[in-house]
Chemist: 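Take a look at the following structure, please.
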Amino acid sequence: RPTTGADHAPGRRRMPCQPPSSVCEYRDPTRFGGTGPRECRGRPGHLGSHTSPVSLASGVLIALLLLVVPGAIVARAAQLTWPVAVAVGPALTYGVVALAILPMGAIGIPWNAWTALLALVLVVILVTIAQLALARFRDRSAEERAPTMGPGLVVAAGVVLGAVFILYSAIRGMPNWQSIPSTWDAVWHANTVRFILETGQASPTHMGDLRNVETHDALYYPSTFHALAAIQVHLTGAAPTTAYTLNSLAAAVWLFPAS
(Lines give C-alpha, C1' and ligand atoms only; values in the text may rest on other atoms or scores of the structure.)
Protein backbone atom coordinates (compact mmCIF):
# COMPACT_ATOMS: atom_id res chain seq x y z
CA ARG A 1 0.00 0.00 0.00
CA PRO A 2 1.15 3.62 -0.39
CA THR A 3 3.22 5.04 2.45
CA THR A 4 1.32 7.67 4.42
CA GLY A 5 2.20 10.15 7.11
CA ALA A 6 1.06 7.72 9.80
CA ASP A 7 3.83 5.35 8.78
CA HIS A 8 6.42 7.91 9.86
CA ALA A 9 4.74 8.88 13.14
CA PRO A 10 6.78 8.57 16.37
CA GLY A 11 6.66 5.04 17.73
CA ARG A 12 5.39 3.60 14.47
CA ARG A 13 7.08 0.26 13.76
CA ARG A 14 7.40 -0.80 10.15
CA MET A 15 6.19 -4.36 9.61
CA PRO A 16 8.81 -6.76 8.19
CA CYS A 17 6.71 -7.44 5.10
CA GLN A 18 6.21 -3.73 4.31
CA PRO A 19 8.51 -2.46 1.55
CA PRO A 20 11.05 0.11 2.78
CA SER A 21 10.85 3.67 1.55
CA SER A 22 13.89 3.08 -0.66
CA VAL A 23 11.81 0.67 -2.73
CA CYS A 24 8.38 2.25 -3.02
CA GLU A 25 7.29 5.77 -2.09
CA TYR A 26 3.96 7.52 -2.26
CA ARG A 27 4.01 10.46 -4.66
CA ASP A 28 1.79 13.25 -3.46
CA PRO A 29 0.38 15.10 -6.51
CA THR A 30 0.46 18.36 -4.52
CA ARG A 31 4.18 18.19 -3.72
CA PHE A 32 7.28 18.40 -5.93
CA GLY A 33 5.21 18.17 -9.07
CA GLY A 34 4.10 14.62 -8.35
CA THR A 35 1.80 13.22 -10.99
CA GLY A 36 1.12 9.70 -9.79
CA PRO A 37 0.14 7.82 -6.66
CA ARG A 38 3.27 5.70 -6.39
CA GLU A 39 6.86 5.49 -7.53
CA CYS A 40 9.02 2.38 -7.20
CA ARG A 41 12.80 2.39 -7.58
CA GLY A 42 15.60 -0.09 -7.22
CA ARG A 43 14.11 -3.08 -9.03
CA PRO A 44 13.55 -5.85 -8.19
CA GLY A 45 11.29 -4.68 -5.42
CA HIS A 46 11.66 -7.55 -2.96
CA LEU A 47 13.05 -6.76 0.45
CA GLY A 48 16.77 -6.53 0.95
CA SER A 49 16.40 -7.96 4.46
CA HIS A 50 15.11 -11.19 2.96
CA THR A 51 17.85 -11.60 0.36
CA SER A 52 21.46 -12.70 0.36
CA PRO A 53 24.39 -12.64 -2.07
CA VAL A 54 23.81 -16.31 -2.92
CA SER A 55 23.00 -16.78 -6.61
CA LEU A 56 20.33 -19.19 -7.77
CA ALA A 57 22.81 -21.51 -9.50
CA SER A 58 25.31 -21.64 -6.63
CA GLY A 59 22.55 -21.82 -4.03
CA VAL A 60 20.87 -24.81 -5.69
CA LEU A 61 24.27 -26.48 -6.16
CA ILE A 62 25.11 -26.11 -2.46
CA ALA A 63 21.66 -27.35 -1.48
CA LEU A 64 22.08 -30.38 -3.76
CA LEU A 65 25.50 -31.16 -2.31
CA LEU A 66 24.14 -30.94 1.23
CA LEU A 67 21.28 -33.20 0.21
CA VAL A 68 23.30 -35.88 -1.59
CA VAL A 69 26.90 -35.94 -0.30
CA PRO A 70 26.40 -36.79 3.41
CA GLY A 71 24.11 -39.69 2.60
CA ALA A 72 26.39 -40.88 -0.19
CA ILE A 73 29.30 -40.98 2.28
CA VAL A 74 27.23 -43.14 4.61
CA ALA A 75 26.26 -45.40 1.70
CA ARG A 76 29.88 -45.80 0.65
CA ALA A 77 30.77 -46.70 4.23
CA ALA A 78 28.18 -49.47 3.85
CA GLN A 79 30.05 -50.67 0.73
CA LEU A 80 27.38 -49.61 -1.76
CA THR A 81 28.58 -48.72 -5.25
CA TRP A 82 28.95 -45.06 -6.17
CA PRO A 83 25.88 -44.92 -8.46
CA VAL A 84 23.69 -46.52 -5.79
CA ALA A 85 25.25 -44.34 -3.08
CA VAL A 86 24.42 -41.16 -5.01
CA ALA A 87 20.89 -42.38 -5.73
CA VAL A 88 20.08 -43.18 -2.09
CA GLY A 89 22.14 -40.29 -0.72
CA PRO A 90 19.22 -37.89 -0.09
CA ALA A 91 17.23 -40.46 1.86
CA LEU A 92 20.24 -41.31 4.01
CA THR A 93 21.03 -37.62 4.52
CA TYR A 94 17.55 -36.96 5.82
CA GLY A 95 17.88 -40.08 7.95
CA VAL A 96 21.12 -38.88 9.56
CA VAL A 97 19.62 -35.46 10.26
CA ALA A 98 16.42 -36.95 11.69
CA LEU A 99 18.36 -39.30 13.96
CA ALA A 100 20.63 -36.50 15.17
CA ILE A 101 18.20 -33.70 15.95
CA LEU A 102 16.05 -35.79 18.32
CA PRO A 103 18.71 -36.64 20.94
CA MET A 104 20.49 -33.31 20.46
CA GLY A 105 17.28 -31.45 21.12
CA ALA A 106 16.54 -33.60 24.16
CA ILE A 107 19.89 -32.98 25.88
CA GLY A 108 20.31 -29.38 24.74
CA ILE A 109 23.08 -29.68 22.13
CA PRO A 110 22.56 -26.86 19.59
CA TRP A 111 22.08 -27.80 15.96
CA ASN A 112 24.59 -26.11 13.67
CA ALA A 113 27.15 -26.97 11.01
CA TRP A 114 29.67 -28.36 13.51
CA THR A 115 27.24 -30.57 15.39
CA ALA A 116 25.82 -31.76 12.06
CA LEU A 117 29.34 -32.75 10.98
CA LEU A 118 29.83 -34.54 14.29
CA ALA A 119 26.60 -36.46 13.77
CA LEU A 120 27.70 -37.50 10.27
CA VAL A 121 31.09 -38.70 11.54
CA LEU A 122 29.45 -40.75 14.30
CA VAL A 123 27.02 -42.37 11.86
CA VAL A 124 29.84 -43.21 9.42
CA ILE A 125 31.83 -44.80 12.27
CA LEU A 126 28.84 -46.86 13.38
CA VAL A 127 28.07 -47.99 9.81
CA THR A 128 31.73 -48.92 9.26
CA ILE A 129 31.77 -50.99 12.45
CA ALA A 130 28.54 -52.71 11.47
CA GLN A 131 29.91 -53.37 7.99
CA LEU A 132 33.02 -55.03 9.39
CA ALA A 133 31.03 -57.05 11.92
CA LEU A 134 28.54 -58.32 9.34
CA ALA A 135 30.95 -58.80 6.44
CA ARG A 136 30.67 -62.60 6.61
CA PHE A 137 26.94 -62.37 5.97
CA ARG A 138 27.27 -60.51 2.65
CA ASP A 139 25.61 -62.10 -0.36
CA ARG A 140 28.45 -62.06 -2.87
CA SER A 141 26.42 -63.80 -5.58
CA ALA A 142 23.74 -61.10 -5.46
CA GLU A 143 26.38 -58.37 -5.73
CA GLU A 144 27.75 -60.01 -8.87
CA ARG A 145 24.35 -59.56 -10.54
CA ALA A 146 24.50 -55.78 -10.19
CA PRO A 147 23.57 -53.72 -13.28
CA THR A 148 26.32 -53.32 -15.85
CA MET A 149 27.77 -49.99 -16.98
CA GLY A 150 25.51 -49.59 -20.02
CA PRO A 151 22.10 -49.68 -18.27
CA GLY A 152 23.52 -47.62 -15.43
CA LEU A 153 24.56 -44.84 -17.82
CA VAL A 154 21.12 -44.83 -19.43
CA VAL A 155 19.44 -44.40 -16.04
CA ALA A 156 21.96 -41.71 -15.03
CA ALA A 157 21.34 -39.81 -18.27
CA GLY A 158 17.59 -39.88 -17.65
CA VAL A 159 18.02 -38.58 -14.10
CA VAL A 160 20.35 -35.77 -15.20
CA LEU A 161 18.05 -34.82 -18.08
CA GLY A 162 15.05 -34.66 -15.77
CA ALA A 163 16.99 -32.58 -13.25
CA VAL A 164 18.06 -30.13 -15.97
CA PHE A 165 14.48 -29.71 -17.22
CA ILE A 166 13.15 -29.07 -13.71
CA LEU A 167 15.93 -26.59 -12.92
CA TYR A 168 15.42 -24.77 -16.23
CA SER A 169 11.68 -24.48 -15.59
CA ALA A 170 12.35 -23.16 -12.08
CA ILE A 171 14.81 -20.53 -13.34
CA ARG A 172 12.35 -19.35 -15.98
CA GLY A 173 9.43 -19.37 -13.56
CA MET A 174 11.07 -17.63 -10.58
CA PRO A 175 12.60 -14.32 -11.71
CA ASN A 176 12.48 -12.91 -8.16
CA TRP A 177 13.41 -16.18 -6.48
CA GLN A 178 14.77 -14.51 -3.33
CA SER A 179 11.40 -12.96 -2.54
CA ILE A 180 9.36 -14.41 0.29
CA PRO A 181 7.45 -17.39 -1.18
CA SER A 182 3.71 -16.88 -1.49
CA THR A 183 2.79 -20.55 -1.07
CA TRP A 184 0.45 -21.82 1.61
CA ASP A 185 2.90 -22.87 4.35
CA ALA A 186 5.81 -20.58 3.45
CA VAL A 187 5.52 -18.49 6.61
CA TRP A 188 5.66 -21.53 8.89
CA HIS A 189 8.54 -23.22 7.07
CA ALA A 190 10.68 -20.07 6.87
CA ASN A 191 9.98 -19.28 10.52
CA THR A 192 10.97 -22.82 11.49
CA VAL A 193 14.34 -22.38 9.77
CA ARG A 194 14.79 -19.04 11.52
CA PHE A 195 13.76 -20.58 14.87
CA ILE A 196 16.43 -23.28 14.50
CA LEU A 197 19.05 -20.66 13.67
CA GLU A 198 18.19 -18.49 16.65
CA THR A 199 17.72 -21.21 19.27
CA GLY A 200 19.73 -24.19 17.99
CA GLN A 201 16.66 -26.32 18.73
CA ALA A 202 15.78 -28.48 15.72
CA SER A 203 14.01 -31.39 17.36
CA PRO A 204 10.56 -32.12 15.90
CA THR A 205 9.24 -32.63 19.44
CA HIS A 206 10.05 -29.01 20.35
CA MET A 207 8.17 -27.25 17.57
CA GLY A 208 5.52 -26.23 20.08
CA ASP A 209 7.94 -23.58 21.33
CA LEU A 210 7.49 -21.88 17.97
CA ARG A 211 3.87 -22.71 17.15
CA ASN A 212 2.41 -22.22 20.65
CA VAL A 213 4.24 -19.09 21.72
CA GLU A 214 1.91 -18.26 24.62
CA THR A 215 1.45 -21.73 26.15
CA HIS A 216 4.50 -23.65 24.85
CA ASP A 217 2.27 -26.69 24.53
CA ALA A 218 4.04 -29.71 23.09
CA LEU A 219 3.83 -30.18 19.32
CA TYR A 220 5.43 -32.75 17.06
CA TYR A 221 6.20 -31.45 13.58
CA PRO A 222 8.75 -33.04 11.20
CA SER A 223 11.69 -30.64 11.03
CA THR A 224 14.38 -32.57 9.14
CA PHE A 225 13.97 -30.44 6.01
CA HIS A 226 14.24 -27.25 8.04
CA ALA A 227 17.29 -28.48 9.96
CA LEU A 228 19.11 -29.18 6.70
CA ALA A 229 18.12 -25.76 5.33
CA ALA A 230 19.50 -24.18 8.51
CA ILE A 231 22.87 -25.79 7.78
CA GLN A 232 22.94 -24.06 4.41
CA VAL A 233 22.31 -20.74 6.16
CA HIS A 234 25.22 -21.45 8.51
CA LEU A 235 27.54 -22.23 5.61
CA THR A 236 26.54 -19.54 3.12
CA GLY A 237 24.92 -16.72 5.10
CA ALA A 238 21.74 -17.01 3.04
CA ALA A 239 18.50 -15.70 4.50
CA PRO A 240 16.11 -18.31 5.94
CA THR A 241 13.56 -17.56 3.23
CA THR A 242 16.26 -18.00 0.58
CA ALA A 243 17.44 -21.30 2.05
CA TYR A 244 13.85 -22.52 2.22
CA THR A 245 13.37 -21.82 -1.48
CA LEU A 246 16.72 -23.30 -2.49
CA ASN A 247 16.21 -26.52 -0.53
CA SER A 248 12.70 -26.94 -1.89
CA LEU A 249 14.04 -26.51 -5.40
CA ALA A 250 16.97 -28.89 -4.79
CA ALA A 251 14.59 -31.57 -3.53
CA ALA A 252 12.42 -31.15 -6.62
CA VAL A 253 15.40 -31.09 -9.00
CA TRP A 254 16.93 -34.29 -7.66
CA LEU A 255 14.31 -36.40 -5.93
CA PHE A 256 11.63 -36.37 -8.63
CA PRO A 257 13.83 -37.72 -11.46
CA ALA A 258 15.93 -39.96 -9.17
CA SER A 259 12.87 -41.62 -7.68
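Source: prediction; values computed, not measured. Throughout, numbering of the chain's residues begins at 1 and tracks the sequence.
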Chemist: Working to the nearest 0.5 Å, report the span between CG of L56 and CG of L167.
Modeler: 6.5 Å
Chemist: With rounding to the nearest 0.5 Å, note down the distance linking CD1 in I231 to OG1 in T93.
Modeler: 12.0 Å
Chemist: Looking only at non-hydrogen atoms, find the nearest pair between L92 and A75 and report the distance.
Modeler: CD1-CB, 3.7 Å
Chemist: Hey, what do you get for CH2 (W177) to OG1 (T245), rounding to the nearest 0.5 Å?
Modeler: 8.0 Å
Chemist: For the pair Q232 (side chain) and G59 (backbone), establish whether a donor and an acceptor sit closer than 3.5 Å, ignoring hydrogens and angles.
Modeler: yes
Chemist: Tell me whether I166 shares a hydrophobic cluster with M174, the cluster being built from Ile, Leu, Val, Met, Phe, Trp, Tyr side chains joined at under 4.5 Å.
Modeler: yes
Chemist: Side chains of T241 and R194: does their closest heavy-atom pair fall under 4.5 Å?
Modeler: no
Chemist: Is it true that L102 and V97 fall in one hydrophobic cluster, defined by side-chain heavy atoms closer than 4.5 Å?
Modeler: no
Chemist: Counting distance only, does the side-chain N/O of T128 pair as donor-acceptor with the main-chain N or O of A77 below 3.5 Å?
Modeler: no
Chemist: Would you compute the distance between atom CH2 of W188 and atom OH of Y244 and round it to the nearest 0.5 angstrom?
Modeler: 12.5 Å
Chemist: Could you walk me through whether Q201 and D209 pass side chain to side chain donor-acceptor pair (under 3.5 Å), step by step?
Modeler: CA-CA 10 Å; Q201 180 57 263; D209 294 338; 5.7 Å; no
Chemist: Can you name the nearest heavy-atom pair linking P103 to A100, along with the distance?
Modeler: CD-O, 3.3 Å
Chemist: When you measure from the side chain of W254 to the backbone of V68, do you find a donor-acceptor pair of N or O atoms at a distance under 3.5 Å?
Modeler: no
Chemist: Tell me whether L99 shares a hydrophobic cluster with V74, the cluster being built from Ile, Leu, Val, Met, Phe, Trp, Tyr side chains joined at under 4.5 Å.
Modeler: no
Chemist: Just verifying a value: how many Å separate L228 CG and W111 CH2, rounded to the nearest 0.5 Å?
Modeler: 7.5 Å
Chemist: Okay, side chain of S223, backbone of H226: is any donor-acceptor separation there less than 3.5 Å?
Modeler: no
Chemist: Hey, mind stepping through R76 and V124 against side-chain contact (heavy atoms from CB on, under 4.5 Å) and telling me if it holds?
Modeler: CA-CA 9 Å; R76 285 296 297 160; V124 170; over 6 Å; no
Chemist: On the 0 to 90° scale, with breaks at 30° and 60°, tag the H189-Y221 ring pair as parallel, tilted or perpendicular.
Modeler: tilted
Chemist: Using every non-hydrogen atom in the two residues, find where I101 and A202 come nearest and quote the distance to one decimal.
Modeler: CD1-O, 3.4 Å
Chemist: Which pair of heavy atoms, one from V213 and one from L210, lies closest together, and at what distance?
Modeler: CG2-O, 3.2 Å
Chemist: Report whether I196 and Y94 are members of the same hydrophobic cluster (ILVMFWY, side-chain heavy atoms less than 4.5 Å apart, transitive linking).
Modeler: yes
Chemist: Atom CG in D185, atom CG in N191: separation rounded to 0.5 Å?
Modeler: 11.5 Å
Chemist: Compare every heavy atom of A243 with every heavy atom of V233, then report the nearest pair and how far apart it is.
Modeler: CG2-CB, 3.5 Å
Chemist: Within the structure provided, determine whether M207 and F195 are in side-chain contact (heavy-atom separation under 4.5 Å).
Modeler: yes
Chemist: If I compare all heavy atoms of L67 with all of A251, which pair ends up nearest, and what's the gap?
Modeler: CD2-CA, 4.2 Å
Chemist: Is it the case that one hydrophobic cluster holds both L80 and W82, taking links as side-chain heavy atoms less than 4.5 Å apart, direct or via other members?
Modeler: no
Chemist: Is there a side-chain contact between L120 and P70, using heavy atoms and a 4.5 Å cut-off?
Modeler: yes
